Q: 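Encoded as structure tokens, here's the structure I'll be asking about.
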Amino acid sequence: MERRTTPFAKIYLIAIFIILYAPIFFLIFYSFNSGGTMSHFKGFTLEWYRSLLDDKRLLIIVLNTFAIALISALIATIVGVFGALAIYSFKKRQTKNTVLSLNNILIVSPDVIMGASFLILFTIAGIHLGFMSVLLSHIAFSIPIVVLLVLPKLNEMQPSLIDAAKDLGATEWQVLTRVIFPYITPGIFAGFFMALTYSLDDFAVTFFVTGNGFSTLSVEIYSLARRGISLNINALSTVLFLFTMILIVIYYFLQQRSHVKTMGVRK
């Protein structure tokens with residue numbers, strides 16, 4: 001029996017989306033304000049976006065942010081894929097569930113606790129706070145995300161595929177590269193893009209492990225906001241928001257493509 005959505009549920013859903021997205025669109029709207037304030041819109045201008053391009057320090061911060069995001073996402077994807085394979089290979093369900101629960105704890109743990117933990121760890125280990133400390137932190141909290149996205153694809157895979165490949169004389173490496181990896185490719189890409197998005201958006205953990213002379217976009221936006229209202233913040237936030245939305249859209253289409261392929265195999 002098909003369940004119908006009540007008018008109240010629709011109104012409630014619309015209200016929630018308005019509450020969530022209205023401040024963001026308000027911020028984007030005033031990033032084009034020639035008046036220089038967020039109280040009165042005088043006219044359309046791209047001045048604040050031009051000032052971003054002229055700010056060399058900010059461009060370096062942008063490069064730092066994307067370098068951290070790309071490197072951490074790549075390493076986390078590699079480690080996360082093999083971690084998912086290790087969890088998938090466990091024969092005992094209790095062992096598998098225990099390791100998976102430990103993986104999930106890192107996802108639901110508050111960012112403040114994780115940031116403070118990393119700060120203490122790096123201080124004890126004598127690691128200088130800066131690029132390396134931020135990179136290691138982002139790799140650490142991205143790995144569980146990749147594992148969580150790759151593991152369902154492994155669980156969807158029929159064990160008979162692996163058995164058939166072995167019966168045909170395939171080695172373990174050939175099974176991995178020619179059977180398993182092609183099947184879980186959508187999950188790998190989804191894990192990479194989600195890790196990239198989380199790294200770009202992270203503030204709490206990065207704030208704890210960022211040292212003097214090194215910063216990322218999220219920390220820089222926070223620093224600018226503390227100094228007072230400036231439409232440079234609006235322009236910078238708009239660019240970051242749009243880029244993140246693009247990554248999420250790519251992730252969505254990868255998931256849809258994966259779903260269609262799975263349905264085709266089942267048929």
Side-chain angles (χ1 to χ4, degrees), residues 16 19-21 23-24 27 58 61-81 83-84 87 98-151 190-227 233-234 236-248 251:
I16 292 298
I19 293 172
L20 290 174
Y21 284 95
I24 297 176
L27 179 147
L58 186 60
I61 292 174
V62 171
L63 291 176
N64 289 339
T65 303
F66 282 98
I68 289 288
L70 288 171
I71 297 173
S72 65
L74 180 61
I75 297 176
T77 300
I78 296 173
V79 177
V81 167
I87 295 175
T98 300
V99 176
L100 188 58
S101 298
L102 292 174
N103 177 82
N104 295 341
I105 287 174
L106 297 176
I107 297 178
V108 300
S109 296
D111 289 344
V112 174
I113 295 177
M114 291 185 63
S117 301
F118 283 128
L119 176 60
I120 295 172
L121 174 64
F122 294 145
T123 302
I124 295 175
I127 298 176
H128 177 71
L129 297 182
F131 181 88
M132 187 57 63
S133 62
V134 175
L135 178 62
L136 293 175
S137 301
H138 283 220
I139 293 172
F141 70 65
S142 296
I143 290 174
I145 299 170
V146 177
V147 172
L148 207 61
L149 290 171
V150 173
L151 196 57
F192 173 80
F193 282 112
M194 286 300 293
L196 187 67
T197 304
Y198 270 75
S199 178
L200 289 172
D201 290 346
D202 180 73
F203 167 74
V205 175
T206 307
F207 181 76
F208 276 93
V209 298
T210 299
N212 294 328
F214 182 85
S215 183
T216 62
L217 277 175
S218 58
V219 177
E220 181 66 15
I221 291 173
Y222 173 75
S223 300
L224 291 174
R226 292 186 62 186
R227 299 172 192 170
I233 304 174
N234 293 47
L236 183 59
S237 302
T238 300
V239 172
L240 185 60
F241 172 75
L242 292 178
F243 184 80
T244 304
M245 287 298 296
I246 291 172
L247 291 181
I248 293 174
Y251 165 71

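Values below: every heavy atom of this structure, side chains too, minus hydrogens, waters and symmetry copies. Being a predicted model, the structure only gives us computed values, none of them experimental.
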Q: Considering all heavy atoms of both residues, which atom of Pro144 and which atom of Asn103 are nearest to each other, and what is their separation?
A: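 Answer, listing the atom of Pro144 first, then Asn103: CA-OD1, 3.1 Å.
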
Q: Take atom CZ of Phe141 as the centre, draw a 6.0 Å sphere, and report whether it contains more than 12 heavy atoms from other residues, nucleotides or ligands.
A: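 Result for CZ/Phe141: enclosed.
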
Q: Can you spot which of Val146, Ile145, Thr77 makes a side-chain contact (heavy atoms from CB on, under 4.5 Å) with Met194?
A: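 When Val146, Ile145, Thr77 are each tested with Met194, the side-chain contact (heavy atoms from CB on, under 4.5 Å) holds only for Ile145.
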
Q: Quick check on side-chain contact (heavy atoms from CB on, under 4.5 Å): which of Thr206, Asp202, Val205, Ile68 does Ser137 satisfy it with?
A: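 For Ser137, the side-chain contact (heavy atoms from CB on, under 4.5 Å) test succeeds with only one of Thr206, Asp202, Val205, Ile68, which is Val205.
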
Q: With Thr238, which residues qualify under side chain to side chain contact (heavy atoms under 4.5 Å, CB included), at least two apart?
A: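 Checked Thr238 against side chain to side chain contact (heavy atoms under 4.5 Å, CB included); matches are Leu27, Ile28, Ser31, Tyr49, Leu242.
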
Q: Going by side-chain hydrogen bond (donor to acceptor under 3.5 Å, both in side chains), name the residues that satisfy it together with Ser218, two or more places apart in sequence or in a different chain.
A: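 Checked Ser218 against side-chain hydrogen bond (donor to acceptor under 3.5 Å, both in side chains); matches are Thr216.
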
Q: Answer whether the closest heavy-atom distance between the side chains of Ile139 and Val79 falls below 4.5 Å.
A: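 Sidechains of Val79 and Ile139: no contact.
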
Q: Less than 3.5 Å apart, which donor and acceptor atoms pair up between the side chains of residues 105-130 and the rest of the protein, not counting sequence neighbours?
A:
residue, atom, partner, partner atom, Å
Ser109, OG, Ile105, O, 2.5
Ser117, OG, Ile113, O, 2.7
Thr123, OG1, Leu119, O, 2.7

Q: Answer whether the closest heavy-atom distance between the side chains of Val134 and Thr210 falls below 4.5 Å.
A: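 A side-chain contact exists here, since the closest heavy-atom pair is under 4.5 Å.
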
Q: Pick out which of Leu58, Asn64, Leu200 makes a side-chain contact (heavy atoms from CB on, under 4.5 Å) with Leu217.
A: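 Result: among Leu58, Asn64, Leu200, Leu58 is the only option passing the side-chain contact (heavy atoms from CB on, under 4.5 Å) with Leu217.
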
Q: Taking all non-hydrogen atoms of both residues into account, name the closest pair between Ser72 and Leu135 and its distance.
A: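 Smallest heavy-atom distance, with atoms named: N-CD1, 3.7 Å.
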
Q: Under 4.5 Å between any side-chain heavy atoms of Leu74 and Leu70, yes or no?
A: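 With C-beta onward as the side chain, the pair stays apart.
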
Q: Nearest 0.5 Å, what's the CZ-OG distance between Phe131 and Ser215?
A: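 So the gap between those two atoms works out to 13.5 Å.
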
Q: Phe203 and Tyr222: aromatic ring centres closer than 6.0 Å?
A: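 Yes; Tyr222 has its ring centre under 6.0 Å from that of Phe203.
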
Q: For the backbone of His138 and the side chain of Ser199, can you confirm whether one donor and one acceptor N or O come within less than 3.5 Å of each other?
A: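 Answer holds: no.
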
